[in-house]
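Computed from a prediction, not measured in an experiment: that's the story for all the values here. Proteins come first, then strands; the chains are lettered A, B, ... in the order of their sequence lines, and each starts at number 1.
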Amino acid sequence: MSAPFKDQVGARMGMWLFLFTELLLFGGLFVLYAAYLHRWPAEFHHAAGELSRTFGAANTVVLITSSFTVAASITALRTGRSTLARMLIWLTLALALVFLINKFFEWSAKFDHGLYPGGHELVLRDAGEQIFFAMYFTMTGLHGLHVLIGMAVLGWVLSMIGGKVRRDEPVALENAGLYWHLVDLIWIYLFPLFYLVT
Amino acid sequence: MHSSEEHVLGFRPLALVLAALLVLTGVTVWVAGFDFGFLNVLVAMSVASTKAALVVFFFMHLKYEGRALQLMVLTVFILLAIFIGFTFFDVAYR
Amino acid sequence: MTQHVASFLEAPAGAGWLRRVGTWIFSTDHKRIGLLYFYSIAAMFAVGVILGLLIRLELIAPGETIMGAQTYNAVFTLHGVVMIFMVVIPSIPAAFGNIFLPIQIGAEDVAFPRLNLFSWWLYMAGASLAVVSLFTGNGPPDTGWTFYVPFSNVTTTNVDLAVLAVFILGFSSILTGLNFIITIHRLRAEGMTWGRLPLFVWSLYATAWIQLLATPVLGITALLIMAERMLGMGLFDPARGGDPILYQHLFWIYSHPAVYIMILPAMGVISDILPVFCRKHIFGYTAIAISSIGIALAGSLVWAHHMFTSGMSDTAVLVFSLLTFIVAIPSAVKVFNWVATMYKGSIALEPPLWYAMAFIVLFSIGGLTGLVLGSAGTDIHVHDTYFVVGHFHYVIFGGTGFGMFAALHYWLPKVYGRMYNKFWAVAACLIMFAGFHVLYFPMFLLGMDGMPRRYYDYLPQYTDMHELSTVGSWLLAVGLVIMTANLVTGMRLGRRVKNNPWGGASLEWTIPSPPPTHNFLEEPVVERGPYDFAGIEPEEPSMRVPAGATKPGGGEA
Amino acid sequence: MYSQALSAAQQVDRAFALIFGVSVLLLAGIVGCMLWFAWRYQRKRHPQAADIHGNTLLEILWFVLPTIIVLGMFYFGWTSYKALRSVPADAMTVQVTGRMWSWAFEYPNGRRAAELVVPVGRAVKLDMTSTDVIHSFYVPAFRIKTDTVPGMQTYAWFRPEEKGEYDILCAEYCGLKHANMLSVVRVVEAEEFNQWYRGETDMTGGAGPDPLAVFENQGCTGCHSLDGTILVGPTLKDIWMRDTVAVLPDGRTNSIKADGPYLRRAILDPGAEVVQGYDDIMPGYEGQVTDEELKAMLHWMKGAAAPVPPQGRTVAENEGCLSCHSTDGTIIAGPSFKGLAGSRIQVLDQGKEREIVADDSYLKESILKPEALLRKGYDPMMPGYDYLSPGDLESLVEYMQSLGTSP
Ligand code: HEA
Ligand code: HEA
Ligand code: CUA
Ligand SMILES: [Cu+2]
């Protein structure tokens, strides 16, 4: 094992590089989305109308706010207020949960109507609408998975605040925060692409 | 090389960014009500990219990171644009 | 040296064998991880070679020879998957990169040692899953290493598990790349400026970026295949609005850059070896360094040259054909600079140089045939024929494979502190070189004649060339056995060498062979370039200048 | 290399020659220099290396030179590609369908075949698609290769300059019998082609046109039933030697036994003798049907008395059934046809297993919609053949029945 030297800048840079890979992971799906939108503009328009804008916008607000609370908790930690930092992370987790519950209701409504790949209603639709919903479930599904992972990471860091994660050793929180922002970042694009682009 | 020239962003600027993001969310929903034809996507994407930039530069602190990292982030976004864009040499002309 | 420094190879004294194994497979020492990678890759390589030989046996005559169609399809799929994802992609970076990158930049270890160990474990997990996929489910996958939809969606063989294995292997590759980038950015020793990085490090840097940025696209492609098969998403199903050709775009967005993951490190090895054995500064250091980055960048823009016949638009054919030719230019720059390095050098024909020269010849042939493929009109004829098979074996095996062999012969004395038998090393090189051409050159002729690839059976007019090729595969295998035997004997029983047998000028030659656990006894301060040989004498007697060997025309420039 | 058979191919060959030529020169230069240096500057001959780090001029040179070379290669590659893609206006179009693991060709007049027969000198455009996975239509002699993609139309064209047989291969991996997905292009004289095209000759060694298909294709069944019901025309069932009263154009009537010559007249020139009780609406088929087709129809009307060549066999060959099903009991990808009809088999009905008897309707169903009932132990890979005419379907089933039943 190497010397216990900690390179904070290097560690943060490492996290950024990891985020690049996440961006490109979703990038593959964005390539698909772009191509299919180009191919089926009218069908995408029509199908997008079936998603609830209100739900989508609400979730956007929730996620953006949670992004803020994470950023604020880093500021709190770095200015020495670790209790505040901890509370802000709790708040973030709560918001993430709200997001997921919201998503759950949205998804189950679609499932009830048979609007999922292979569902009895969807198979009757135009090819273009079928692909819209296939993209919708794939992309929001993968994003939801990232929300879960992000929550796990935040929870883990939360347990270390005040211990291994301190004012002078904030990288773990910073990196968890970076990850969470990425989850937000992707949603910022998913929202217009599925709920608004018409 | 391993300097700790760490910059801490205060609560107030963070809150301002949050406010801007919320406003922009409102804006996208609002403009989605209008029909600009093929520009629709463009408009929605520009607003989203503005929001993304705010998140990246402030929440994610990129504005205060080293040149090298900023360059890398730029490269990645350009690369992503290329992957999408070049695919259109095929799908747009088929 | 007065006190004895324990080398990284030595196990803690008095430990039982279980503990000893533990000190390896849980070690975070980059050198041990590098060796672990090397051994596991070598094992997978053996599997791949045997599969390759089986392919050749089946093809020795038309009709069913030793296996039926289904078996054959599984065999070439596995051969491709094993060789690409488990051998050549990790080969040089994960094995030699891990061992030498930190030493060459004067660091104690990589930036994230535990992540490094994790990435080896991921590699093992992926490789094991791939092996499991052979014996479970509905039989080994039979899709080819490209997993094209809709076929990969229709077949009932065990594709899911194989694709999951590929996903995990990709993850492992990403983590290695990430680690290297941070290491190079953050852990260079004092005085190790970017302009003093050995070219091997430059090539690893470029490679790492491709690993980092292209592999995630493979990841999502693999996930989508699983989503198609297990959840019935229908993202590529034409009946449900999907487009199978988009799958090919996604696949090649990764897999074309991946071929540069394979070749760039080998090019780095060659750039490091040539100057040492010519005792001359590398010709055009900056050009070679920049061309590595150039290949990485331009290489990301050409993926659709694998799809000229796929039914994509003619515009795309135009653009991607043009860009493909652009990537050839930085490769050409490298080749010319290598040859120019030899000009007026003082050349010692030692085994690493033999392998390096074999590399140059084989890679050039492979690369030049790549031009035939990049040109749209000619690719239509030879696409998916043995011409392509010939092309990529020349570049992968002739390039990466021989690059790896060169690296082995160059660095083995450093890693084990012992020397192999040089006569047999050169003999093995020549036998493999000859066998290589007998095996793969006929493939170009077959391809020009229209023999498609992935055929277990073929029309009678192709018989002669196939026979010849099969015979070549035996010759090659003989060479490989000799080389392996020689290296294994050398590393266990060879004569001991000191710090710098070849007279290299980069940092790894300043430390003991084998290197101590913490690499450097004291933190190095770099004051010379990696190709500045003034004042360094090779310790190998055969590399010394023979007394009174000066001839007119020789001597100083 | 294959002999050159068309001009676009010549352009491709020129591009090959050019790239190979330049490559060989470059390779010779590189290897030559390398070996010369390795010999000339060996340590014993040249103990002290020169101190050269680079040379800007040279480096610019070998940046610019390859650029020019590759741009040249690109140009020839691209123009030859354009030639492969630019279809002449006078080209004859043939629809190509790739499927596991056979090729089907359909001509503008509806003629279907398993081999591509074309007249020499005539440009042929191939419109292609696939019914299952991706295949690739490859004719090395013409330097053409294009993937056939499900849900998509692709194309290629060629102009055969010499008579002969040229291999067609599948160049995109498509599963088990990818290596056996072969056929041929048969390039023949124009006259010979025309005869074949009209169905008068059969070069592929099959058994002549299918009467039921002819009835169908010529529109006979629009007015005549084959089962005894009366439509706007009399039924064709049991028509052979039937007693009929015919009305002549001048109003007279005539009693007739429906023999061969009469039936032939009735098809080619129906207005000459109109069956009493029906209107004179049937079009004359002079020039519309080939002799071959006429013979086949008469053969059918004669009834099963004469042994009709196993029509189902031809269909099975043309439709590619035999690439997956054997007729001798061996198993390829699907169950063998031998002993299939009437036997008891295990099927999977939406995942549930049950035993059924492979009767006519089951067999037809399995051909039209194979995914409905899956034979146990086989992959669900068979494409649906819902475009088959009832006649073809019937003859396939008959053919299977002729191969016997196993208990
Ligand atoms: C190590 C791996 C590797 C490398 C380095 C390359 C290098 C190149 N490859 Fe290759 N390629 C593969 C591995 C690789 N390839 C594989 C695995 C496949 C098949 C995948 C599959 O379908 O299964 C493939 C397939 C493939 C195709 C698709 C063929 C088809 O399916 O129809 C094409 C088409 O453009 C292509 C082109 C090139 C080109 C232009 C280069 C260039 O980078 C080459 C550059 C090198 C040189 C040019 C030679 C050296 C220079 C000189 C000798 C100096 C003089 C040169 C000039 C003046 C130009 N390759
Ligand atoms: C690393 C890449 C690699 C290597 C080394 C090989 C090695 C061999 N390959 Fe190949 N091959 C592929 C990658 C490789 N192959 C791929 C990707 C395909 C396409 C699969 C598909 O279609 O999906 C393919 C397909 C392929 C085919 C075409 C099958 C078909 O289309 O029907 C054939 C046919 O002869 C063949 C033969 C062989 C033989 C005889 C060997 C060997 O047995 C020859 C012996 C090799 C050696 C003697 C040494 C090489 C050494 C190294 C690369 C590095 C060494 C590393 C360490 C020592 C740790 N291979
Ligand atoms: Cu059809 Cu291969
Ligand atoms: Cu490529």
Side chains of [X] and [Y], heavy atoms from C-beta outward: is any pair under 4.5 Å?
X: C:Met448; Y: D:Phe16; value: yes
X: C:Pro452; Y: D:Cys170; value: no
X: D:Arg143; Y: C:Ile380; value: no

Working to the nearest 0.5 angstrom, can you tell me the gap between [X] [atom1] and [Y] [atom2]?
X: C:Thr309; Y: D:Glu172; atom1: OG1; atom2: CD; answer: 7.0 Å
X: D:Leu35; Y: C:Met342; atom1: CG; atom2: CE; answer: 8.0 Å
X: C:Lys344; Y: D:Gln48; atom1: NZ; atom2: CD; answer: 13.0 Å
X: D:Phe20; Y: C:Leu371; atom1: CZ; atom2: CG; answer: 10.5 Å

Looking at [options], which has the largest count of heavy-atom pairs under 4.5 Å with chain C?
options: D:Ile134, D:Leu18, D:Thr154; value: D:Ile134
options: D:Trp78, D:Phe37, D:Tyr41; value: D:Tyr41
options: D:Ala171, D:Ser80, D:Pro66, D:Ser130; value: D:Ala171
options: D:Val24, D:Ile30, D:Val31, D:Thr146; value: D:Ile30

With a 4.5 angstrom heavy-atom cut-off, which part of [X] approaches chain D: side chain, backbone, both or neither?
X: C:Val335; result: side chain
X: C:Phe76; result: side chain
X: C:Val317; result: both
X: C:Thr143; result: backbone

Q. Looking only at side chains, do C:Gln461 and D:Asp167 share a donor and an acceptor under 3.5 Å apart?
A. yes

Measure from the side-chain N and O atoms of [X] to the backbone N and O of [Y], and report whether any donor-acceptor pair falls under 3.5 Å.
X: C:Tyr343; Y: D:Met34; answer: no
X: D:Lys145; Y: C:His383; answer: yes
X: D:Tyr173; Y: C:Asp384; answer: no
X: D:His46; Y: C:Gly345; answer: yes

Q: Tell me whether the centres of the aromatic rings in C:Phe283 and D:Trp62 are closer together than 6.0 Å.
A: yes

Q. With a 6.0 Å cut-off on ring centres, are C:Tyr285 and D:His53 close enough?
A. no

Q | Per-residue contact mode, D:Met128 against chain C (heavy atom under 4.5 angstrom) | A | neither

Q) Yes or no on side chain to side chain contact (heavy atoms under 4.5 Å, CB included) for D:Ile52 and C:His281, after CA distance, side-chain angles and deciding distance? A) CA-CA 7 Å; D:Ile52 308 173; C:His281 196 281; over 6 Å; no

Can you tell me which of [options] forms the most heavy-atom pairs within a distance under 4.5 Å of chain D?
options: C:Ile245, C:Asn337, C:Asn153; answer: C:Asn337
options: C:Ser310, C:Ala69, C:Ala332, C:Gly311; answer: C:Ser310
options: C:Asn73, C:Asp457, C:Val333; answer: C:Asn73

Q) Stepwise, does the side chain to side chain contact (heavy atoms under 4.5 Å, CB included) test hold for D:Asn180 with C:Tyr456? A) CA-CA 9 Å; D:Asn180 305 99; C:Tyr456 82 105; 3.6 Å; yes

**Q.** side chain to side chain donor-acceptor pair (under 3.5 Å) against D:Tyr138, all qualifying residues, sequence neighbours excluded
**A.** C:His381

Q | Partner residues of C:Thr77 under the side chain to side chain donor-acceptor pair (under 3.5 Å) criterion, sequence neighbours left out | A | none

Q: Please test C:Ile347 against D:Arg43 for side chain to side chain contact (heavy atoms under 4.5 Å, CB included), starting from the C-alpha separation and ending with a verdict.
A: CA-CA 5 Å; C:Ile347 295 171; D:Arg43 192 150 295 175; over 6 Å; no

Q: Step by step, work out the side-chain hydrogen bond (donor to acceptor under 3.5 Å, both in side chains) result for D:Tyr81 and C:Asp379.
A: CA-CA 9 Å; D:Tyr81 178 76; C:Asp379 180 62; over 6 Å; no

